[in-house]
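Counting starts at 1 for both ligands and their atoms, following the listed order.
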Amino acid sequence: MRFLLPVLSVALAKALIQEPAHPLPWSSPGPHDVRSPCPMLNALANHNILQHNGKDISQQDTIQALGSALNFDRGFSEFLFAAALLTNLTPNATTFSLDDLDRHNIIEHDGSLSRGDFYFGDNHSFNQTIFDQARSHWIRPILDLHAVAEARLTRMATSKATNPTFNVTGNPLLFSYTQAASYVLTFGDRVSGTVDRSWVEYLFKNERLPIELGWEKTEVPISISDLNSMIERIMEATRKIESSQVA
Ligand code: HEM
Ligand SMILES: *[C@@H]1O[C@H](CO)[C@@H](O)[C@H](O)[C@H]1NC(C)=O
Ligand SMILES: *[C@@H]1O[C@H](CO)[C@@H](O)[C@H](O)[C@H]1NC(C)=O
Ligand SMILES: *[C@@H]1O[C@H](CO)[C@@H](O)[C@H](O)[C@H]1NC(C)=O
Ligand SMILES: CC(=O)N[C@H]1CO[C@H](CO)[C@@H](O)[C@@H]1O
């Protein structure tokens with residue numbers, strides 16, 4: 001008891017000094033708004049950082065949104081936008097809408113962390129059962145790259161075993177690693193390759209940035225070279241798990 005009081009006072013003082021985290025405006029999609037299988041783009045639209053209707057997103061909108069909200073640099077945003085544009089089949093399109101991203105096997109792929117496979121009907125909506133499977137090995141509150149790789153592999157293995165049309169190669173395969181790398185880079189520490197589990201789960205479940213939980217965007221911009229090295233490391237962690245399963 002003698003120790004409790006000073007400890008509490010420090011905590012209390014801190015609580016009083018710290019400004020409460022300023023929540024960004026957020027509202028769920030209305031009947032005329034479109035959304036995607038990407039939890040982050042949906043979150044940005046819900047926050048009005050991307051247009052709330054989710055429609056006609058330009059390269060400039062993408063650079064502005066990912067830059068201001070997440071500190072993705074221009075090169076990384078341009079890379080993602082170029083991929084997104086492939087999902088708009090209108091000739092010479094210069095924008096995409098979030099529901100274009102449902103289009104199968106361009107970016108959208110089987111074995112997602114939180115969405116069902118195209119073959120089973122709904123490749124778009126958050127599915128708690130599927131996400132629970134992905135995070136079934138997430139025992140510790142801080143995820144390392146082994147845990148990140150394990151979640152991805154677990155879902156891919158289930159999908160491979162149950163979906164007769166399973167085929168994740170080429171760009172869809174690259175994007176499945178890109179997505180894993182993106183949540184580590186956005187919410188975690190790119191040097192240690194660790195990330196707070198609760199922030200990742202919050203994004204998926206709520207399609208909202210985990211600002212209330214204490215997350216802030218990184219001060220150092222996230223670039224394509226960060227993406228490439230994070231993908232390499234997640235692939236390496238994946239190979240380690242695969243070789244230990246064979247042995
Ligand atoms: C213009 C930018 C972006 C585009 C076009 C895009 C597109 C997509 C698409 C199509 C999917 C669905 C893939 C699937 O599971 O089948 C997806 C998933 C995902 N995206 Fe994005 N995304 C973008 C930006 C971001 C950013 C900035 C993050 C940062 C955290 C992110 C994180 C994720 C994650 C974690 C998933 C996996 C969802 C799952 O497996 O259930 N994305 N994205
Ligand atoms: C698309 O762009 C090409 C090359 O600039 C042009 O020849 C074509 O007419 C355009 N198509 C449409 C539908 O605008
Ligand atoms: C979620 O995924 C599970 C497992 O694939 C499936 O059985 C269930 O029908 C899906 N739920 C919805 C609401 O689609
Ligand atoms: C698998 O998908 C790729 C494109 O991602 C395609 O080129 C290939 O033909 C597909 N393979 C099979 C067996 O369907
Ligand atoms: C339910 C659902 O979201 N299905 C989508 C799966 O992907 C195709 C495109 O390949 C969409 O047209 C469907 O709407």
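- Ranked by closest heavy atom to atom 15 (O) of ligand 1, the top entry among Ala181, Ser112, Ala180, Ser176 is Ser112.
- If you number the atoms of ligand 4 from 1 as listed, the ones under 4.0 Å from a heavy atom of Thr169 come out as 1 (C), 2 (O), 3 (C), 5 (O).
- Classification of Glu201 and Arg135 as a salt-bridged pair holds, one side-chain N sitting under 4.0 Å from a carboxylate O.
- Listed by atom number, the atoms of ligand 1 under 4.0 Å from Leu101 heavy atoms are 5 (C), 10 (C).
- Electrostatic pairing of Arg239 and Glu236 counts as a salt bridge here, judged by a charged N lying under 4.0 Å from a carboxylate O.
- Aromatic ring centroids of Phe76 and Phe72 lie under 6.0 Å apart.
- Geometrically, ligand 4 and Asn167 share a nitrogen or oxygen pair separated by less than 3.5 Å.
- Other residues, nucleotides and ligands contribute only 12 or fewer heavy atoms inside 6.0 Å of the CD atom of Glu216.
- Screening the protein for N, O or S atoms under 2.8 Å from atom 21 (Fe) of ligand 1 yields 1; no waters enter the count.
- At a cut-off of 3.5 Å, with distance as the only test, no side-chain donor of Ser112 or Arg155 sits close to an acceptor on the other residue.
- Ser97 and Asp99 form no side-chain donor-acceptor contact under 3.5 Å, judged by distance and modelled atom types alone.
- Between Thr186 and ligand 1, no N or O atom pair is found at a separation short of 3.5 Å.
- Residue contacts with ligand 1 for Asp110 are absent, since no atom lies close enough (heavy atoms, distance under 4.0 Å).
- The nearest heavy-atom contact from the protein to atom 16 (O) of ligand 1 is His109 N, 2.8 Å.
- Classification of the Phe204-Phe131 ring pair by plane angle, with boundaries at 30° and 60°, yields parallel.
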Check each N or O atom of ligand 2 against all protein N or O atoms and list the pairs under 3.5 Å, with atom names and distances to 0.1 Å, one per line.
| from | atom 1 | to | atom 2 | distance (Å) |
| --- | --- | --- | --- | --- |
| ligand 2 | 2 (O) | Asn92 | OD1 | 3.0 |
| ligand 2 | 2 (O) | Asn92 | ND2 | 2.3 |
| ligand 2 | 11 (N) | Asn92 | ND2 | 2.8 |
| ligand 2 | 14 (O) | Asn92 | ND2 | 3.2 |

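- Counting only heavy atoms of the protein, atom 41 (O) of ligand 1 lies nearest to Ser114 OG, 2.5 Å.
- In the vicinity of Ala84, heavy-atom distances shorter than 4.0 Å reach the ligand 1 atoms 5 (C).
- Ser125 and Asp122 are linked by a side-chain donor-acceptor pair at a separation below 3.5 angstrom, with hydrogens and angles left out of the test.
- Leu213 and Val195 fall within a single hydrophobic cluster, where Ile, Leu, Val, Met, Phe, Trp and Tyr are joined by side-chain heavy atoms under 4.5 Å apart, directly or via other members.
- Aromatic ring pairs are classed by plane angle as parallel below 30°, tilted from 30° to 60° and perpendicular above 60°; the pair Trp215 and Phe187 is perpendicular.
- Atoms of ligand 1 found under 4.0 Å from any heavy atom of Thr62, numbered from 1 in the order shown, are 1 (C).
- Between the side chains of Thr194 and Asp144, no donor-acceptor pair of N or O atoms lies under 3.5 Å.
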- Starting from the C-alpha separation in whole Å, work towards a yes-or-no answer on side-chain contact (heavy atoms from CB on, under 4.5 Å) for Asn71 and Val220. CA-CA 7 Å; Asn71 210 357; Val220 182; 5.9 Å; no
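- With a heavy-atom cut-off of 4.0 Å, Phe204 touches ligand 1 through its side chain alone.
- Using a 3.5 Å distance cut-off with no hydrogens or angles, the side chains of Asp132 and Gln128 do pair a donor with an acceptor.
- Not one N or O of Tyr183 is nearer than 3.5 Å to an N or O of ligand 1, by distance alone.
- The cationic atom of Arg208 (NZ for Lys, CZ for Arg) does not lie both less than 6.0 Å from the six-membered ring centre of Tyr202 and within 45° of the ring axis.
- Side-chain N/O atoms of His32 and Asn53 include no donor and acceptor closer than 3.5 Å.
- Residue Leu113 has at least one nitrogen or oxygen atom sitting less than 3.5 Å from a nitrogen or oxygen atom of ligand 1, judged on distance alone.
- Residue Leu70 approaches ligand 1 through these ligand atoms, each under 4.0 Å from one of its heavy atoms: 27 (C).
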- Query: Step by step, would you call Leu86 with Arg103 a side-chain contact (heavy atoms from CB on, under 4.5 Å)?
  - Reply: CA-CA 10 Å; Leu86 299 174; Arg103 202 152 273 126; over 6 Å; no
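- Neither side chain, His47 nor Glu207, offers a donor N or O lying under 3.5 Å from an acceptor on the other.
- Only side-chain heavy atoms of Phe72 come within less than 4.0 Å of ligand 1; its backbone N, CA, C and O stay farther off.
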